[in-house]
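Structure first, then comments.
Each chain gets a letter, A, B and so on, in the order the sequences are listed, and its residues count up from 1. These figures come from a predicted structure and were not determined experimentally.
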Amino acid sequence: MNEQDKHIVPTKTFVSVWIVLLMLTAVTVTVAKADLGAFSTFTAIMIASIKAGFVLWYFMHLKYEKRLLKLLLLVPIITLAVIIGLTFVDVWYR
Amino acid sequence: MNDIAQTASPHKDYAGSKLGMWLFLFTEILLFGGLFLVYSVYRSMYPQDFHAAAAGLSVVLGTVNTVILLTSSLTMALSISALRRGNSRRSVLLQSATIVLGLVFLVNKYFEWSGHIHEGLYPNAPELLTRSHGEILFYGLYYVMTGLHGIHVVVGLVLIGIMLTLTMRQRITGADYVKLENAGLYWHLVDLIWIYLFPLFYLIT
Amino acid sequence: MHGWTNLSSSVDSVFLFIMGISLVLLVGVTGAMVYFAVRYRRSKHPHAENIEGNLALEIVWTVIPTLLVLAIFWVGWKGFVYMRTVPQDAMLVKVTARMWSWRFTYENGATSEVLKVPVNQPVKLAITSSDVLHSLSIPAFRVKEDAVPGRENYLWFQPELTGSYDLFCTEYCGMGHSAMVTKVEVMSEQDFNAWYRGATGKASDGRSGPDGVKLFADKGCSACHSIDGSPKVGPTLKGVSGHRVTVLTGGKEREITATDAYLRKSLVDPQADVVKGFPPIMPSQKGVLKDAEIDALVEYMKGLH
Amino acid sequence: MKSSFYNTPGKHSGLLAWVLSTDHKRIGLLYLSCMTVFFLTGMTLGLLMRLELIAPGRTLMAASTYNALFTLHGVIMIFLFIIPGIPAALGNFMLPLQIGAQDVSFPRLNLLSWWFYITGAAVAITSLFTGGGAPDTGWTFYVPYSIRTGTNVSLAVFGVFLMGISSTLTGLNFVTTIHRLRAPGMSWFRMPLFVWSIYATGWVQLLATPVIAITLLMLMAERFFGVGFFDPAKGGDPILFEHLFWIYSHPAVYIMILPAMGAVSEIIPVFARRTIFGYKAIAFSSLGIALFGYLVWGHHMFTSGMSDEARMIFSLLTFLVAVPSGIKVFNWVASMYKGSIRLDTPFLYVMAFIFLFSIGGLTGLVQGALATNVHVHGTYFIVAHFHYVMFGGTAFAFFASLHYWFPKMSGRMYHEGRARVAALVLFVGFNTLYFPMFILGWQGMPRRYYDYLPQYQTGHVIATIGSWVLATGILLMVYNLLRSLKDGEKAGDNPWGGTTLEWKTTSPPPAENFEKIPEVTTGPYNYK
Ligand code: HEA
Ligand code: HEA
Ligand code: CUA
Ligand SMILES: [Cu+2]
């Protein structure tokens with residue numbers, strides 16, 4: 001039961017992830033300047049989610065965790081999505 | 001507070017502590033989730049006003065802070081790797097770097113907030129009340145959300161500070177590092193939330 | 001309780017439908033439970049049989065209740081759609097709720113504190129609030145909808161019997177919540193028309209004096225203040241002008257004389273001097289009343305002996 | 001006496017041995033004793049309210065006092081009694097025993113949760129006597145009234161916030177414990193059903209409570225800084241507050257009922273001396289209730305001005321949540337079939353539970369149907385519904401488990417005769433008190449009314465009389481239990497012949513729970 005996981009992430013991986021994150025930040029700032037109309041919010045959120053994914057997957061070590069934990073993470077995310085979704089059934093149709 | 005832990009539970013449940021930490025992070029997600037809900041409702045009710053209000057925020061400052069937080073996440077992650085490779089001196093250095101970056105973030109935030117407060121843009125300010133409804137709400141959300149995030153930054157810094165001393169005293173080592181790892185998880189979550197706050201407040205077009 | 005409006009009977013039949021199903025289920029469950037408890041009590045049945053379950057039964061009592069609740073949902077929804085579909089020819093009445101009185105405004109500008117409607121005529125109420133949440137409820141008509149500040153909600157009904165019915169506030173709104181009660185008068189068409197034509201925007205009672213009298217009723221003052229000496233939520237206004245009154249100013253007690261200036265301040269900044277023994281809940285009239293109206297009210301209050 | 005956790009205090013002694021103990025059993029008893037005090041306080045307030053309502057007009061107190069009373073009554077009953085009730089008190093004591101663990105995963109966090117709870121309670125109670133006086137908003141804290149009122153809402157809300165943290169941490173602790181600390185051989189489907197229900201509850205606590213926390217923080221921000229989130233004059237939307245409030249508070253009603261259902265599932269097999277019927281169906285319906293419980297909050301807002309589309313969807317979803325509750329009820333009743341039933345007090349309470357909860361739940365259907373909800377919303381019909389599910393449901397299950405586990409916790413038996421009389425009086429009093437409220441509600445009597453029209457008086461008089469009968473029953477029950485603590489017969493390790501692990505250790509259990517961690521080889525209710 002007391003297994004500590006053996007995997008130590010190489011520095012190189014972390015640094016590359018960091019560089020990707022910085023690049024994505026640059027992209028989102030640039031894209032925001034170019035007015036994409038209705039899509040601008042969508043792209044901003046998508047890029048943010050990709051960034052969040054990288055942070056979760058590498059920095060937060062999720063990639064190396066057991067499947068249980070990966071699945072559990074879906075629980076709060078789905079809950080939040082459902083809560084916002086159902087509230088918008090009210091807000092949009094009001 | 002930590003001497004009891006060592007004696008009270010001889011068998012450390014490494015996976016258990018980490019599971020507990022993740023569950024705690026879930027509650028944080030839902031805590032901020034409530035604010036994201038309020039944000040999205042008001043943004044959908046007042047899209048134009050939000051757009052206008054967001055022009056008042058400095059993209060440059062926001063971007064700088066994003067870069068700072070991302071970098072601090074990197075140093076945090078590296079510090080754990082370093083410790084696990086047995087290099088606790090390097091880990092201490094990287095943890096200190098994380099703290100410094102966190103402090104810089106807060107200083108920036110301080111200047112940003114005081115700038116807005118000088119312009120008379122704070123909750124219930126007479127100047128703000130002359131603006132449109134959406135702008136009032138935008139600034140309300142801005143203060144509450146970045147404020148709550150700021151509190152989390154402060155808590156994270158305190159936590160890392162504690163980890164730092166524990167590492168220096170050899171109480172966190174390459175063989176027993178779950179506390180540091182949990183502190184790291186917390187810090188990454190703070191980063192994660194900022195990743196969303198940044199486009200939602202600074203990049204509305 | 002039946003047939004006061006078009007809605008009463010449809011709502012009641014939904015209720016009876018649900019009650020019927022519920023009663024069958026309740027009697028079934030309770031009956032089986034009591035029967036087993038008696039039939040299989042230890043003295044009579046010392047050795048239990050271990051039955052671990054039965055898939056067919058589980059499916060039965062998942063599927064049948066699901067169908068039942070879907071049926072209940074359906075009748076409830078059907079009845080509701082009807083309640084939300086306002087006929088074209090409905091008469092519109094605007095309702096403003098405020099702490100703790102109702103005001104009904106008609107299309108010709110007539111206002112009333114009692115809801116007067118003609119019989120057999122669909123009526124649509126457009127409901128809003130000028131302070132906190134309230135809810136307009138007419139139990140006999142089976143209708144209810146919240147009054148939300150900043151929003152206009154609606155409901156409709158078609159009364160089918162003349163008479164007088166209770167109208168309640170059913171969303172908690174503070175001290176006077178349970179006193180926020182008035183009546184619906186369902187009148188014959190002639191009676192209603194007679195009243196409606198007579199009551200235009202102007203003061204309906206011929207009494208002279210400035211608007212004070214009317215303002216006092218219209219602006220909701222009378223919900224909290226009497227003019228006959230009895231305290232309500234707020235102090236009585238009988239003989240206020242010039243009387244000695246103990247007030248709390250910033251938490252400190254002091255005794256003052258009620259001057260014109262004090263009366264005026266009581267309206268625009270009521271929390272500055274709070275009469276001792278009363279809660280600081282009087283709503284500020286600043287921005288609500290025009291200066292002239294405040295003058296008129298002060299004049300009016302000075303005349304109350 | 002053999003060594004039990006009572007005489008192994010650890011580092012501290014006296015009271016400190018309790019309030020600083022990390023032993024889950026001591027923490028459980030801490031919760032239990034505080035809760036009982038709050039419960040009796042809340043009930044006394046209820047009794048006072050009933051007295052006021054015995055006649056229209058002013059009977060005893062001023063309107064503002066009455067309004068403060070029902071607010072406090074609601075806040076105490078919900079946040080101080082029923083939410084921590086079964087999980088934090090009995091769950092703390094029994095959960096590690098039932099899964100064969102020595103303690104919970106995070107014992108110090110567990111103690112911290114209790115401290116949050118008691119601090120929150122203290123803060124909430126302080127709010128009565130300081131500032132603008134006792135809050136008068138109702139337990140729902142609806143804006144804008146809660147922002148405008150001069151009473152001490154901020155402090156009360158802060159107290160509730162602290163109790164929310166306590167509840168979240170408890171949930172976190174239990175979920176981790178169940179994942180990590182089950183005894184060897186105890187697979188998921190060998191867990192007692194009480195553990196399943198605590199597991200489902202834990203997830204609800206984790207995912208729902210943070211939403212109320214942030215909502216209350218926003219409410220405080222409104223009161224202190226006038227941010228404008230819920231102020232229509234600044235563009236805010238009061239209905240959004242209702243959403244946020246019920247996003248937590250509906251799931252919260254399942255925090256209240258799920259552990260109660262778990263306890264009932266525990267007691268039935270023991271007293272029917274047979275295995276439970278449909279173990280998996282009961283286990284999964286707990287998860288089902290927890291899951292669907294998230295999707296139905298809007299049924300509290302059917303007249304709020306929410307969009308008609310939302311009203312429809314929430315009504316539909318509300319009905320779906322009734323199905324898993326039904327599955328449980330049917331399986332319980334089926335578990336009595338061909339059993340060998342002993343009608344001891346715990347079982348009497350369980351039968352009362354099934355009956356009363358069914359009434360409460362079935363009237364929930366009336367409220368969930370749109371056409372009828374409009375009529376009964378905001379009336380005594382609702383008051384009757386939730387007392388039936390919360391008091392008739394959760395509190396009766398709580399009494400059942402209190403009697404059931406009394407020998408395990410104290411090492412003594414309670415007096416059976418007195419206990420049965422108390423149960424009977426309680427049952428009669430309960431129905432006399434609350435049944436008339438359904439009728440009052442259908443006749444239109446609004447809730448939270450200090451004063452009412454004369455046509456409603458008969459119902460109110462009957463209810464008030466019922467409240468005295470009920471109070472007699474409660475007093476008798478409490479007296480019986482307290483007295484049995486002193487002079488009850490010694491109970492053996494397993495007085496009921498239970499098969500779950502808590503009965504495999506001594507009564508009361510030793511500090512480390514088991515001499516030797518048990519090995520599990522069969523399901524929990526093995527009466528073969
Ligand atoms: C322990 C707490 C608890 C529980 C378990 C429930 C359970 C349910 N509640 Fe209740 N409810 C409250 C506590 C609870 N409630 C409180 C406190 C309020 C008021 C809050 C306030 O405003 O102050 C409230 C208010 C409330 C409302 C809002 C009313 C209004 O204000 O307008 C509604 C509306 O749908 C509702 C519905 C339901 C339903 C459908 C269930 C279902 O889960 C019930 C399921 C159970 C059964 C159905 C019975 C057993 C089953 C059978 C016998 C089998 C057969 C069944 C079928 C065929 C369906 N409740
Ligand atoms: C678990 C929850 C629970 C429980 C057990 C109760 C128990 C009781 N409640 Fe309940 N009630 C609520 C939860 C609960 N309530 C909630 C959430 C509300 C909504 C509040 C709101 O609208 O915001 C409410 C509202 C509410 C109302 C509606 C108020 C209104 O709308 O105007 C009424 C009215 O009769 C009432 C009465 C009672 C009574 C008489 C009891 C009886 O059970 C009490 C019987 C009394 C006793 C059994 C006392 C016994 C003890 C002693 C005499 C000993 C005293 C000793 C010491 C103090 C040491 N309650
Ligand atoms: Cu207005 Cu209650
Ligand atoms: Cu609900």
Side-chain angles (χ1 to χ4, degrees), chain A residues 1-9 28 32 35-42 44-94, chain D residues 101 105 168 172 175-176 179-184 188 200 202-212 214-215 237 239-248 250-251 287 290-302 304-318 517:
Chain A
M1 240 181 176
N2 293 329
E3 76 287 355
Q4 301 216 355
D5 67 301
K6 297 286 172 296
H7 194 276
I8 303 180
V9 188
T28 191
D35 197 350
L36 293 182
F39 286 104
S40 58
T41 314
F42 179 75
I45 295 293
M46 279 323 288
I47 295 176
S49 298
I50 296 171
K51 285 163 78 180
F54 272 104
V55 171
L56 280 165
W57 206 241
Y58 291 100
F59 284 175
M60 296 175 87
H61 226 254
L62 210 54
K63 180 171 181 208
Y64 313 100
E65 301 290 353
K66 289 214 228 46
R67 213 178 68 208
L68 175 72
L69 208 56
K70 293 179 193 160
L71 288 179
L72 284 187
L73 179 66
L74 292 178
V75 175
I77 294 176
I78 293 175
T79 310
L80 192 57
V82 164
I83 289 173
I84 295 184
L86 278 173
T87 309
F88 267 82
V89 176
D90 173 21
V91 174
W92 270 331
Y93 290 99
R94 204 146 68 190
Chain D
S105 275
T168 318
L172 187 160
V175 169
T176 315
H179 269 284
R180 301 295 309 165
L181 298 186
R182 280 171 284 133
W188 285 89
W203 275 106
V204 183
Q205 287 172 302
L206 274 174
L207 297 177
T209 321
V211 180
I212 192 78
I214 195 68
T215 309
D237 179 9
I239 298 179
L240 185 58
F241 179 89
E242 297 182 27
H243 277 297
L244 287 163
F245 182 84
W246 291 113
I247 285 174
Y248 165 73
H250 183 84
L287 295 181
L291 190 80
F292 280 115
Y294 275 99
L295 314 178
V296 308
W297 76 82
H299 67 207
H300 296 270
M301 304 163 57
F302 284 157
S304 65
M306 185 168 70
S307 77
D308 288 354
E309 286 78 357
R311 298 184 204 199
M312 178 185 80
I313 286 183
F314 279 121
S315 170
L316 179 62
L317 293 167
T318 297
I517 294 288

Would you find more than 12 non-hydrogen atoms of other residues, nucleotides or ligands less than 6.0 Å from A/W92 atom CH2?
-> no
Go through D/I239, D/L244, D/L291, D/V211 and name the one with the most non-hydrogen pairs under 4.5 angstrom from chain A.
-> D/I239
Do D/R311 and A/D90 pass the side chain to side chain contact (heavy atoms under 4.5 Å, CB included) test, and can you show the C-alpha distance, the side-chain angles, and the key distance before you say yes or no?
-> CA-CA 8 Å; D/R311 298 184 204 199; A/D90 173 21; over 6 Å; no
Identified side-chain contact (heavy atoms from CB on, under 4.5 Å) counterpart of A/Y93 within the set D/M306, D/E309, D/M312 = D/E309
Taking the side chain as every heavy atom from C-beta outward, state whether A/L86 and D/W297 have any atom pair closer than 4.5 Å.
-> yes
D/L317, part contacting chain A, at a heavy-atom distance under 4.5 Å | side chain
So A/T79 and D/W203, side chain to side chain contact (heavy atoms under 4.5 Å, CB included) or not? Walk me through it.
-> CA-CA 11 Å; A/T79 310; D/W203 275 106; over 6 Å; no
Measuring from A/L80:CG to D/Y294:OH, what's the distance to the nearest 0.5 Å?
-> 11.5 Å
N/O donor-acceptor pair under 3.5 Å between A/T87 side chain and D/H243 backbone = no
N-O pairing of A/R94 and D/D237 below 4.0 Å = yes
